[in-house]
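Every chain is numbered from 1 and lettered A, B, ... according to where its sequence line falls, protein lines coming before strand lines.
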Protein chains: 2
Amino acid sequence: MEEKTIIAALSALAQESRLRIFRLLVTAGPAGIPAGQIAEELAIPANTLSFHLSHLKNAGLVAARRDGRSLIYSAEYDHAKAVIDYLTENCCSRQPCCQ
Amino acid sequence: MEEKTIIAALSALAQESRLRIFRLLVTAGPAGIPAGQIAEELAIPANTLSFHLSHLKNAGLVAARRDGRSLIYSAEYDHAKAVIDYLTENCCSRQPCCQ
DNA sequence: TCCATATTTCTAGAATGACAGAACAATTAT
DNA sequence: ATAATTGTTCTGTCATTCTAGAAATATGGA
C-alpha cells in the first residue's frame, strides 16, 4: 500500500466530524446510512457533511450507493484494515525484541 | 480513550515526514534511535525534525529519553494500538452482519 | 411539466499547519 | 571556564483546511 494512500486515509480520519462519521458508519455495518440521516444524527449542515463525506470517499474509507433520492454511505472495512496494518508493519525488524 | 486523543494521534501520523519517522521508530523497536540519526536517515533538517518529533510526542506516539547529549526516541506501541482499536470499535453494532 | 426532496458544488473568509533560518539550552571534553 | 556537539524554541512566511451561504444537480411524485 502506498504512502500517499495511507496519509490520505489518516488525514481523512484526523478530524472531529469525519472521525464521528466514520465511526457511525462502522457501527452501521454494510447496510450503511443515507447522507441525510448522518447529517441529522451528527447535527452537521448538509453541505458541510457532503464536504466531509467526499473527503472520506476520496480516501477510500467509505463508499456510496444511490437509492432513489438518497445516497447511502457505508464504511470500507478492508481499506481501513489495510491502513491500520501499515502502521505497525515491520515492527522491530531492526532488532530482535518484542513478539 | 478520548476522541481528542485519537484525533491528535491520527493528525500526527497524517503527514509524510511524521509517518516516516513513526515507521522508522516502529522498525527500530524499544531501543529507539537518537534524533540526529533520524534526521540523517530521513534527510530532514534538525529543527524541522524536532518540530515533528514534538508533535508525535504530544500525541503520545513516541517517547524520548536522554543518553548523554543525545535524545533517543522510540515508538509507543501500546498507545498506537489503542488508537487503532478505537477506529473499528463497535463494528456493526447497529445490525447483525459481519463477525 | 412543475414542484419537492436529497445531496453536491461553488465561493470566500477565518483558522491552522509546515517549513527553515537564527538564536537558545543542555551535555560533555579539554 | 571555554568550546564543541546535540537538540530545541522562536519567528515569520506560505500553503492548506474547515466552515457555511448560495446556487446547482439528480431523482421521484402530482
Side-chain angles (χ1 to χ4, degrees), chain A residues 3-25 28 31-76, chain B residues 3-25 28 31-76:
Chain A
E3 191 181 65
K4 284 189 178 178
T5 309
I6 304 295
I7 290 174
L10 291 171
S11 67
L13 292 172
Q15 203 278 337
E16 189 178 316
S17 295
R18 287 195 297 268
L19 182 58
R20 285 180 186 164
I21 293 165
F22 180 75
R23 296 241 305 158
L24 182 63
L25 292 176
I33 308 180
Q37 193 178 328
I38 298 173
E40 190 181 3
E41 291 205 28
L42 299 182
I44 299 172
N47 60 350
T48 302
L49 175 70
S50 184
F51 166 82
H52 289 308
L53 282 172
S54 76
H55 212 304
L56 287 166
K57 200 168 134 210
N58 285 336
L61 290 166
V62 307
R65 66 180 190 277
R66 184 172 280 279
D67 177 29
R69 277 180 284 220
S70 298
L71 283 177
I72 299 184
Y73 285 88
S74 54
E76 290 277 32
Chain B
E3 191 181 66
K4 283 189 179 178
T5 309
I6 305 294
I7 289 174
L10 291 171
S11 67
L13 292 172
Q15 204 277 337
E16 188 177 315
S17 295
R18 287 195 297 266
L19 182 57
R20 286 182 185 164
I21 294 166
F22 180 74
R23 296 241 304 160
L24 181 62
L25 292 177
I33 308 179
Q37 193 178 329
I38 299 173
E40 190 180 3
E41 291 205 30
L42 300 182
I44 299 172
N47 60 348
T48 302
L49 175 70
S50 186
F51 166 80
H52 289 307
L53 281 172
S54 76
H55 213 304
L56 286 166
K57 201 170 133 207
N58 284 336
L61 289 166
V62 307
R65 64 179 191 277
R66 184 173 280 279
D67 176 30
R69 277 179 283 216
S70 299
L71 283 176
I72 300 183
Y73 285 87
S74 53
E76 290 276 31

Trainee: Could you give me the CA-CA distance, side-chain angles and deciding distance for B:Arg20 and A:Glu3, then say whether side chain to side chain contact (heavy atoms under 4.5 Å, CB included) is met?
Mentor: CA-CA 9 Å; B:Arg20 286 182 185 164; A:Glu3 191 181 65; 2.8 Å; yes
Trainee: Could you tell me the separation between the CG atom of B:Leu56 and the P atom of C:dA18, rounded to a whole number of Å?
Mentor: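 Distance check: B:Leu56 CG to C:dA18 P gives 10 Å.
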Trainee: Atom CD1 in A:Ile38, atom NE2 in A:His52: separation rounded to 0.5 Å?
Mentor: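 Rounded to the nearest 0.5 Å, the CD1-NE2 separation comes to 12.0 Å.
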Trainee: What pairs of residues pass the salt bridge (charged side-chain N to carboxylate O under 4.0 Å, His left out) test when at least one of them lies in residues 44-55 of chain A, not counting sequence neighbours?
Mentor: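 Matches after skipping sequence neighbours: none remain.
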Trainee: Under 4.0 Å from a heavy atom of chain A: give me the 5'-most and 3'-most nucleotides of DNA chain D that qualify.
Mentor: D:dC18 to D:dG28
Trainee: Got a sec? Which of residues 7-18 of chain B come in under 4.0 Å of DNA chain C, heavy atoms?
Mentor: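 By residue number: B:Gln15, B:Arg18.
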Trainee: Please table the atom pairs, donor to acceptor, closer than 3.5 Å between any side-chain atom in residues 59-73 of chain B and protein atoms at least two apart or in another chain.
Mentor:
unit_1, atom_1, unit_2, atom_2, d
B:Arg65, NH2, B:Ala31, O, 2.9
B:Arg66, NH1, B:Gly68, O, 3.2

Trainee: Could you give all pairs that pass the salt bridge (charged side-chain N to carboxylate O under 4.0 Å, His left out) test and reach residues 48-64 of chain A, with sequence neighbours left out?
Mentor: none
Trainee: For residues 39-50 of chain A, which side-chain donor-acceptor pairs fall under 3.5 Å, sequence neighbours excluded?
Mentor:
unit_1, atom_1, unit_2, atom_2, d
A:Glu41, OE1, B:Arg94, NH2, 2.6
A:Glu41, OE2, A:Gln37, NE2, 3.2
A:Glu41, OE2, B:Arg94, NH1, 3.3
A:Glu41, OE2, B:Arg94, NH2, 3.4

Trainee: Enumerate, atom names and distances included, each donor-acceptor pair closer than 3.5 Å involving a side-chain atom of residues 6-15 of chain B, sequence neighbours excluded.
Mentor:
unit_1, atom_1, unit_2, atom_2, d
B:Ser11, OG, B:Ile7, O, 3.0
B:Ser11, OG, B:Ala8, O, 3.4
B:Gln15, OE1, B:Ser17, N, 3.0
B:Gln15, OE1, B:Arg18, N, 3.1

Trainee: Report each atom pair, protein N/O against N/O of nucleotides 7-10 of chain C, whose distance is under 3.5 angstrom.
Mentor:
unit_1, atom_1, unit_2, atom_2, d
C:dT7, OP1, A:Ala35, N, 3.3
C:dT7, OP1, A:Gly36, N, 3.4
C:dT7, OP1, A:Leu71, N, 3.3
C:dT7, OP2, A:Gly36, N, 2.7
C:dT8, OP1, A:Tyr73, OH, 2.3
C:dT8, OP2, A:Ser50, OG, 3.0
C:dT8, O5', A:Ser50, OG, 3.1

Trainee: When rounded to the nearest 0.5 angstrom, what is the spacing between CZ in A:Phe22 and CD in A:Glu76?
Mentor: 9.5 Å
